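Working notes, structure below.
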Amino acid sequence: MTLKKQKALATGQIISDLCAKFVPHTPFSDLQDQFDLLLYRRRAELAAGRSSKARGIVLIGNSGSGKSTAMTHLFNRHGDLERLEPNKTKAEVISLAVPSPATLKHVGMSCLNAIGYPIRRDRTSGIIWELLQNHLRERETLFLHLDEAQDLHINRNEREVQSVVNTLKSLMQNPSWPTGLILSGMPALKDLLHLDPQLSRRFVPIHLAPISFTTHGNMLMEIIANYLDAAKLPMADGTYNSEFTKRLIHAGAGELGLVIEIIIAAIEEALLADDTSVGLDNFIAAFRRRSGCVDDLNPFISEDFRAVDARKLLAEVEEEEPDVLMPNARKRRRAA
Ligand SMILES: Nc1ncnc2c1ncn2[C@@H]1O[C@H](COP(=O)(O)OP(=O)(O)OP(=O)(O)O)[C@@H](O)[C@H]1O
Ligand SMILES: [Mg+2]
């Protein structure tokens, strides 16, 4: 193996380990507490032979705030939760992303597909959701998690949105097997729930709110130290100060997940450059590589960094890159 390949391999290993780390935060603790409450109450009701209307959680945040990561971590840390697995009927949690286009029929078909019951396209939406309801009961599914759930609502006409509301309600209120819903998505998702008071009162909202220097300045210092420790690299002298933290938060468009991505990307730049510490130059290079922007727009350089629209810069580059494996796949980062 060439020296260059060896380095790529070693760097890849370190970065992959960093990407697998999970930073705990307050909304995640709230999510965890709320999920445990719903799960254990539902199990107790089942054990006692009681049935009640199911409840749900709605996790709201901008693109890059960390919704999908939080949901995956929540389910992974629950060792006692029976997940969907091949050759196993019981699946207490089923989790999937709302497909595109997010018509009611397509969403129902994707749910059936995810649990191993592909169905022909010529069935009506009503039949598909009734079948899904039966399968959820058979599989003893307590929670259905739909990620990217704002798409159930965006670009739909009034009649379609009403059907979505009715379908979600009937899943939760089904007398023979009520299924709890966990919806995660962008802030527009709130509008869907607010259309129907009966529906919205069944959901506990949890917000992955944007971060700021005042609320997260100290926490970020710890997060950076933690990631650098894991990569066995020190911070270059003189890099860390409140001005730097503000620029970092701005570069990540005020979203915790995006800020963490930039920290990891800066560490990667340092490793690739054989630097013995991580400094401002690495953060500058990381943002430049991700956004492709000129230095005047780089929040780590620009004097007037607050005027830079970092979300737009990061989103533009993602939308330009064609996905070779999934050319029709929706691009993940979107302008808020
Ligand atoms: N708590 C966390 N700890 C470590 N990394 C995180 C955390 N939350 C988010 N991230 C990282 O931030 C990035 C964005 O997170 P994620 O994809 O979950 O955001 P999202 O809110 O689902 O965005 P979108 O709406 O675009 O799907 C990912 O690279 C993820 O690994
Ligand atoms: Mg997501």
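Because the structure is predicted, anything quoted here is derived from the model rather than measured. Computed from heavy atoms alone, side chains included, the values below leave out hydrogens, waters and symmetry copies. Atoms within each ligand, like the ligands themselves, are counted from 1 in listed order.
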Would a distance-only check, ignoring hydrogens and angles, find a side-chain to backbone donor-acceptor pair under 3.5 Å from S65 to N62?
-> yes

Indicate if L31 and V204 have the same hydrophobic cluster label, given that clusters are the connected sets of ILVMFWY residues with side-chain heavy-atom separations under 4.5 angstrom.
-> no

Do ligand 1 and G257 have nitrogen or oxygen atoms that lie under 3.5 Å from each other?
-> yes

Going by an N to O cut-off under 4.0 Å, is there a salt bridge joining D147 and K67?
-> no

Specify whether H25 and F22 have parallel, tilted or perpendicular ring planes, treating 30° as the upper limit for parallel and 60° as the lower limit for perpendicular.
-> tilted

If the plane angle is over 60° it's perpendicular, under 30° parallel, otherwise tilted; pick one for F283 and F300.
-> tilted

Is the shortest distance from a heavy atom of M71 to ligand 1 less than 4.0 Å?
-> no

Is V23 close to ligand 1, meaning an N/O of one under 3.5 Å from an N/O of the other?
-> yes

Contact list for residues 101-145, test ring-ring contact (aromatic ring centres under 6.0 Å, His included), sequence neighbours left out | F35-F143, F75-H145, Y117-H135

Flag the pair R289 and E269 as a salt bridge only when some basic side-chain nitrogen lies within less than 4.0 angstrom of an acidic carboxylate oxygen.
-> yes

Side chain, backbone, both or neither: the part of H25 lying under 4.0 Å from ligand 1 by heavy atom = side chain

Near E148, which atoms of ligand 1 are under 4.0 Å from a heavy atom of that residue?
-> 27 (O)

Y227 heavy atoms, cut-off 4.0 Å: which ligand 1 atoms fall inside?
-> 4 (C)

Short list, please: which atoms of ligand 1 are under 4.0 Å from a heavy atom of N62?
-> 21 (O)

Looking only at heavy atoms, is any part of L256 under 4.0 Å from ligand 1, and if so is it the side chain, the backbone, or both, or is it neither?
-> neither

Looking only at distances, please establish whether an N/O atom of ligand 1 is found under 3.5 Å from an N/O atom of G66.
-> yes

Counting each atom of ligand 1 from 1 as listed, which ones have a heavy atom of S63 under 4.0 Å away?
-> 23 (O), 24 (P), 25 (O), 26 (O)

Below 2.8 Å, any N, O or S contact between S63 and the Mg ion (ligand 2)?
-> no

Could you tell me whether E255 approaches ligand 1 through its side chain, its backbone, both or neither, with non-hydrogen atoms closer than 4.0 Å?
-> neither

Less than 4.0 Å between a side-chain N and a carboxylate O, is that true for K7 and D274?
-> yes

Please work out whether any backbone atom (N, CA, C, O) or any side-chain heavy atom from C-beta onward of K67 is under 4.0 Å from ligand 1, and answer side chain, backbone, both or neither.
-> both

For ligand 1, find out whether one of its N or O atoms is nearer than 3.5 Å to an N or O atom of I260.
-> no

